[in-house]
Amino acid sequence: GIFGEQYIMDENDEIVGEHKPLLLTATKYGITEIVNRAKELGGVAYPAHIDRDINGILSTLGFIPPELDIDNVEISVRANEDFTMRDDLKKYRHLRASDAHRLEEIGVNPCRIHADEPTAAGIIRALRKTPAISHI
């Protein structure tokens, strides 16, 4: 009741089901396992809201493991230039995002991805290239 419904949507944004177990808890899989599995499936994985005081990789681990095979990290609207210019973060592409949990939060921190086509595959290819990202 506090967190609202967890709908399953189709490609036309139509509700096709509802997921009952709360998707708020941590997974049993480690971050390296998740990144590797995403790559095996042809996807891209990167840590979300690394600048947040809770539930981000930096607040949880204190660092990004150097062996983690990632190119991108997500930063929220709260991240300032001092944060993004930290030596330990310079090697990553910073994807700005709103980390929206409510409709009114969508788009408050936009990021433009230059993809060769407007599909999931095109966006994944763009996230694997440099430079793929520009901030608006």
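The chain is numbered in sequence order, starting from 1.
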Let's go through Asn55 and His49 carefully: what are the C-alpha distance in whole Å and the side-chain angles of both, what is the deciding distance for side chain to side chain contact (heavy atoms under 4.5 Å, CB included) to 0.1 Å, and is it a yes or a no?
CA-CA 8 Å; Asn55 299 327; His49 47 66; 4.2 Å; yes
Given side chain to side chain contact (heavy atoms under 4.5 Å, CB included), test Met9 with Glu14 step by step and report yes or no.
CA-CA 5 Å; Met9 313 295 283; Glu14 299 293 328; over 6 Å; no
Arg96 vs Glu74 side-chain heavy atoms within contact, under 4.5 Å:
no
With side chains defined as the heavy atoms from C-beta onward, is the minimum distance between Ile70 and Ile64 less than 4.5 Å?
yes
For Ser59 and Asp53, test the side chains for any donor-to-acceptor distance below 3.5 angstrom and give the result as yes or no.
no
If only atom types and distance count, is the side chain of Arg128 paired as donor or acceptor with the main-chain N or O of Gly43 below 3.5 Å?
yes
The criterion is side-chain hydrogen bond (donor to acceptor under 3.5 Å, both in side chains); which residues satisfy it with Glu33, sequence neighbours excluded?
none
Has Thr84 got a side-chain atom pairing as donor or acceptor with Glu81's backbone, closer than 3.5 angstrom?
yes
Quick one, Leu58 and Asp51 - any side-chain contact, counting heavy atoms below 4.5 Å?
no
Distance (rounded to the nearest 0.5 Å) between Ile34 CD1 and Arg37 CZ:
12.0 Å
Would you sort out whether Val73 and Tyr92 count as a side chain to side chain contact (heavy atoms under 4.5 Å, CB included), showing the intermediate values?
CA-CA 6 Å; Val73 294; Tyr92 303 108; 3.9 Å; yes
Glu18 vs Ile8, test: side chain to side chain contact (heavy atoms under 4.5 Å, CB included). Steps then yes/no.
CA-CA 5 Å; Glu18 186 177 345; Ile8 301 167; 6.0 Å; no
Given 3.5 Å as the limit, does a donor-acceptor pair link the side chain of Lys91 with the main chain of Asp71, or not?
no
Should Ile124 and Tyr46 be counted in the same cluster of Ile, Leu, Val, Met, Phe, Trp and Tyr side chains packed under 4.5 Å apart?
yes
Grab the two heavy atoms, one from Ala115 and one from Ala126, that are nearest each other, plus how far apart they are.
CA-CB, 4.0 Å
For atom CD of Glu67, decide whether the heavy atoms of other residues, nucleotides or ligands shown that lie under 6.0 angstrom number more than 12.
yes
Is any side-chain heavy atom of Leu22 closer than 4.5 Å to a side-chain heavy atom of Phe3?
yes
Whether over 12 other heavy atoms sit under 6.0 Å from Tyr29 OH
no
Side-chain touch Asn72/His94, heavy atoms, less than 4.5 angstrom:
no
Do Ile57 and Phe63 sit in the same hydrophobic cluster, where Ile, Leu, Val, Met, Phe, Trp and Tyr count as joined when their side-chain heavy atoms come under 4.5 Å apart?
yes
Output for pair (Lys90 NZ, Met85 CE), nearest 0.5 Å, gives 4.5 Å
Same cluster (ILVMFWY, side-chain, under 4.5 Å), Leu89 and Leu61
yes
Leu127 vs Ile123 side-chain heavy atoms within contact, under 4.5 Å
yes
